[in-house]
Amino acid sequence: MPRIPFNKPSTVGKENEYVAEAIASGQIAGSGPFAAWCQQLLEQRYSIQKVLLTHSCTAALEMAALLCEVETGDEVIMPSYTFVSTANAFVLRGAQPCFVDIRPDTLNIDEKLIEDAINERTKVIVAVHYAGVGCEMDEIMRLADKYDLYVIEDAAQALDAKYRGRPLGTFGQLGCFSFHETKNLVSGEGGALAVNCAEFADAADIIHQKGTNRKQFLRGEVDKYTWVGVGSSCAPSEITAAFLYGQLQQQDAVQAARMKLWCTYHQALADLEQAGCLVRPHWPEYCCHNAHIYYILAADFPERQALIEHLAEHDIAATFHYVPLHTSPMGLKLGYQSGQLPVTEDVSQRIVRLPLYFELTEAEVLRVVEAVREFYQG
Ligand SMILES: Cc1ncc(COP(=O)(O)O)c(C=O)c1O
């Protein structure tokens with residue numbers, strides 16, 4: 001039987017045509033028409049004041065850290081169960097990540113533990129929406145308001161997901177999305193920054209444009225552009241933006257296909273959860289997830305490893321996820337120790353992500369489920 005990879009990025013619409021168009025136009029550097037069309041689609045679909053396309057979610061997070069003027073001595077609250085970029089964006093500015101444990105049900109930062117982590121050095125709370133399930137944004141925004149903190153949403157995995165009917169990435173002052181090849185919509189590498197407050201709009205343009213007022217120049221507001229502040233090269237090329245435009249136009253079809261596959265996993269594994277073999281994803285009923293990841297939790301680390309091996313023997317690529325940042329070599333260097341965040345450490349040892357991508361078929365999902373069933377029930 002053919003191997004089922006863990007992920008497979010696909011073209012889903014007119015990507016090839018648009019890339020060819022970008023090349024033929026003679027403008028393949030960043031911030032051209034395809035970038036503008038992508039930004040417009042995202043702004044309209046999610047009612048975002050301003051979207052800037054970036055070459056990665058990492059770049060969007062780094063822009064967010066610059067916009068919030070995070071600096072040496074500041075602390076930034078975030079989960080340890082996340083990708084390195086969530087922390088690196090702030091460590092690059094000299095700040096200390098303050099890692100908070102996660103909830104065992106949603107695997108998101110435990111909002112009940114945030115207030116105790118706030119002190120006079122705290123500047124930002126980063127809400128990472130794991131697997132496209134929303135963090136408890138009501139409580140996070142309440143705390144941010146009470147202590148005058150910024151909220152940055154790491155919505156790398158959360159495009160098109162909602163919390164109480166509102167799109168993730170639109171709650172904090174800034175929201176960061178990813179179009180990396182593992183995400184629901186892809187452009188190889190790619191990302192976007194949602195600028196949700198007017199206060200940051202002009203500064204975001206300057207950072208995005210390498211520290212220049214090129215945006216003002218393009219709007220005809222100044223007769224030349226020059227260095228006006230700190231910035232970086234954040235825009236993707238038009239080749240990347242053209243590819244992404246093809247994906248964005250097919251967003252509903254991609255989401256529908258992923259959701260169908262996700263629900264097939266969820267239904268087909270229900271009896272194994274009832275029998276106490278594994279734990280399926282759980283989410284509050286007021287969160288609409290976006291079918292980004294289908295994961296299960298095994299009983300413990302040895303069982304997780306054995307399950308991944310068993311699936312590999314059946315030509316199915318399943319995988320674990322984050323190594324908690326506080327137990328990574330860099331986390332230890334920052335002064336953390338293992339044992340400090342028990343839920344994070346437990347979950348990271350038990351999680352298995354199953355294959356999920358646009359071209360996966362229902363039959364393949366059922367083949368994965370049967371292999372999982374064979375592992376548990378023989
Ligand atoms: C939670 C989270 N944040 C940030 C990133 C970084 O995204 P990118 O690869 O687009 O820089 C990822 C990537 O997987 C992620 O999962």
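Atoms within a ligand are numbered from 1 in the order they appear, just like the ligands themselves. Please read all numbers here as calculations on a predicted model, not as lab measurements. All heavy atoms count here, side chains included; hydrogens, waters and symmetry mates do not.
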Practice task
May I ask you to say whether Arg3 pairs ionically with Asp315, meaning some side-chain N is under 4.0 Å from a carboxylate O?
Solution key: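 Salt bridge: no.
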Handout entry: Basic-acidic side-chain contact under 4.0 Å: Arg373, Asp271
Key = yes
Practice task
Quick one: name the residues clustered hydrophobically with Ile206, using the 4.5 Å side-chain heavy-atom rule over I, L, V, M, F, W, Y, and just say none if it's on its own.
Solution key: Val228
Exercise for the section: Decide whether Tyr295 and His321 meet the rule of one side-chain donor and one side-chain acceptor closer than 3.5 Å. Expected result: no
What short N/O contacts, under 3.5 Å, does ligand 1 make with the protein, listed by atom pair and distance?
unit_1: ligand 1; atom_1: 3 (N); unit_2: Asp154; atom_2: OD1; d: 3.1
unit_1: ligand 1; atom_1: 3 (N); unit_2: Asp154; atom_2: OD2; d: 2.7
unit_1: ligand 1; atom_1: 10 (O); unit_2: Cys57; atom_2: N; d: 2.9
unit_1: ligand 1; atom_1: 10 (O); unit_2: Ser178; atom_2: OG; d: 2.7
unit_1: ligand 1; atom_1: 11 (O); unit_2: Cys57; atom_2: N; d: 3.3
unit_1: ligand 1; atom_1: 11 (O); unit_2: Thr58; atom_2: N; d: 2.8
unit_1: ligand 1; atom_1: 11 (O); unit_2: Thr58; atom_2: OG1; d: 2.5
unit_1: ligand 1; atom_1: 14 (O); unit_2: Lys183; atom_2: NZ; d: 2.7
unit_1: ligand 1; atom_1: 16 (O); unit_2: Gln157; atom_2: NE2; d: 3.2
unit_1: ligand 1; atom_1: 16 (O); unit_2: Tyr322; atom_2: OH; d: 2.8

Practice task
Mind checking the NE2-CG spacing from His292 to Asp160? Nearest 0.5 Å is all I need.
Solution key: 13.0 Å
Exercise for the section: Give a yes or no answer on whether the side chain of Glu75 reaches the backbone of Asn119 with a donor-acceptor pair at less than 3.5 Å. Expected result: no
